[in-house]
There are 2 protein chains.
Amino acid sequence: MILKIDMTSDIPIYQQIRNQIVFGVAKGNIKAGDSLPTVRQLANDIGVNPMTVNKAYALLKEEGIILIDRRHGAKISNLGMKGNAFDPDFDQRAELLIAEARMKGASRQDVKMHILNLIDSVYE
Amino acid sequence: MILKIDMTSDIPIYQQIRNQIVFGVAKGNIKAGDSLPTVRQLANDIGVNPMTVNKAYALLKEEGIILIDRRHGAKISNLGMKGNAFDPDFDQRAELLIAEARMKGASRQDVKMHILNLIDSVYE
DNA sequence: TGTTTGTATTATAATAAATGATACAAAAGG
DNA sequence: CCTTTTGTATCATTTATTATAATACAAACA
């Protein structure tokens with residue numbers, strides 16, 4: 001499994017791991033029933049401590065995206081992710097993105113077109 | 001100026017201040033030429049240390065949203081925010097939002113409608 | 001000069017992130 | 001049963017970030 005981890009990013013490593021797995025599953029690149037690499041393996045691949053990967057996996061487990069057993073490691077659940085899609089957190093993050101785009105000069109139409117394309121690319 | 005700061009949030013206080021000012025300007029609630037409260041004043045209003053507010057203002061200054069002079073404090077610039085609206089950061093954040101919504105069961109159409117409404121509400 | 005503003009500086013404390021090392025428990029397979 | 005492999009727990013340490021307090025300085029006016 002290829003995860004791109006930016007060691008210089010503001011985003012903590014464990015969050016990056018989590019985010020990329022969420023994205024990979026949503027996009028269909030990783031499917032329900034697929035196994036994820038073991039904690040030790042992924043840690044080795046990325047070059048981080050196993051506990052860092054473990055933190056990502058624990059998050060994913062808590063969110064419902066993965067199921068874990070001790071012998072076989074983590075695999076993708078077919079139940080999706082817990083929670084409401086459109087909660088206040090979603091709205092706040094989306095609104096901030098939109099606001100920043102507007103402040104950087106994007107028109108309403110630009111933002112709409114751009115985001116609709118992103119939605120289509122995630123759902124394709 | 002009323003800013004809502006959630007002291008329990010994961011998001012650092014200075015980021016919340018910054019975010020709300022960006023949003024307020026993008027939404028038109030705060031206009032180019034408007035003055036922001038002084039660092040000391042806003043810190044007092046919110047109940048945080050002035051250096052925390054100063055960090056937010058320094059960010060906003062760096063981003064181009066505010067202009068600062070030592071006598072009169074911060075005011076909103078009319079130049080908007082530096083940077084490209086649709087940079088890789090925008091796309092990554094948007095894609096993650098979309099991916100999470102999908103994982104929580106939202107259909108493509110649901111996501112489109114919801115976000116288009118948010119865009120309209122920001123731009124109104 | 002006095003006042004007000006942002007900014008700089010120093011130091012401290014708390015929290016978060018990341019790590020290393022080790023050990024334990026669970027679950028299978030031989 | 002023993003061995004292996006897996007996640008998990010635990011402890012300790014280090015580093016980075018956030019937030020603070022206090023103080024002082026510089027800038028820009030009235």
Task: Asp120(A) and Lys112(B) ion-paired at < 4.0 Å - done: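 Yes, Asp120(A) and Lys112(B) are salt-bridged.
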Open item on the list: Between Arg93(A) and Glu100(B), does any side-chain N to carboxylate O distance fall below 4.0 Å?
Closed with: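 Salt bridge between Arg93(A) and Glu100(B), a charged N being under 4.0 Å from a carboxylate O: yes.
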Starting at [atom1] of [X] and ending at [atom2] of [N], how long is that distance when rounded to a whole Å?
X        : N       : atom1 : atom2 : value
Ile68(B) : dA28(D) : CD1   : C1'   : 15 Å
Asp10(A) : dA17(C) : CG    : P     : 12 Å
Leu59(B) : dA19(D) : CG    : P     : 12 Å
Met7(B)  : dT20(D) : CE    : C1'   : 12 Å
His72(A) : dT4(D)  : NE2   : P     : 17 Å
Leu67(B) : dT5(C)  : CG    : C1'   : 15 Å
Gln41(A) : dT6(D)  : CD    : P     : 7 Å
Gln15(B) : dA16(C) : CD    : P     : 16 Å

Which nucleotide sits closest to the side chain of [X]: [options]?
X        : options                  : answer
Tyr57(B) : dG6(C), dA19(D), dT8(D)  : dG6(C)
Arg40(B) : dG6(C), dA19(D), dT8(D)  : dG6(C)
Thr38(A) : dG6(C), dT6(D), dT19(C)  : dT6(D)
Val48(B) : dA18(C), dG6(C), dT20(D) : dT20(D)
Ile13(A) : dA19(D), dA18(C), dT7(C) : dA18(C)
Met51(A) : dT10(D), dG6(C), dG7(D)  : dT10(D)

Any side-chain N or O of [X] under 4.0 Å from OP1/OP2 of [N]?
X        : N       : result
Tyr14(B) : dA19(D) : no
Thr52(B) : dA19(D) : no
Asn54(A) : dG7(D)  : no

Open item on the list: Taking the nucleotide of DNA chain C with the nearest heavy atom to each, does Pro50(A) or Arg70(B) sit closer to the 5' end?
Closed with: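 Final value for this comparison: Arg70(B).
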- [ ] Specify the residue among Asn49(A) and Lys55(A) whose closest nucleotide of DNA chain C lies further upstream toward the 5′ end.
- [x]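 Nearer the 5' end of the strand: Lys55(A).
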TODO: Taking all non-hydrogen atoms of both residues into account, name the closest pair between Val22(A) and Leu60(A) and its distance.
DONE: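 Answer, listing the atom of Val22(A) first, then Leu60(A): CG2-CD2, 3.9 Å.
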Open item on the list: Working note: Thr52(B) + Asn49(B), criterion side-chain hydrogen bond (donor to acceptor under 3.5 Å, both in side chains); need CA distance, chi angles, decisive distance, verdict.
Closed with: CA-CA 5 Å; Thr52(B) 304; Asn49(B) 187 278; 4.9 Å; no
Task: Donor/acceptor link under 3.5 angstrom from Arg71(A) side chain onto base of dG7(D) - done: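 No, the side chain and the base share no sub-3.5 Å donor-acceptor pair.
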- [ ] Determine yes or no for a side-chain-to-main-chain donor-acceptor pair under 3.5 angstrom, with Lys75(A) supplying the side chain and Ala32(A) the backbone.
- [x]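 Not a single qualifying donor-acceptor pair exists.
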TODO: Ignoring hydrogens and angles, tell me if any N or O in the side chain of Arg18(A) forms a donor-acceptor pair with the backbone of Ala56(A) under 3.5 Å.
DONE: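 Judged by distance alone, no pair lies under 3.5 Å.
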Open item on the list: Both Leu36(A) and Ile11(B) contact DNA chain D. Taking the nearest nucleotide for each, which residue is further toward the 5' end?
Closed with: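 This one resolves to Leu36(A).
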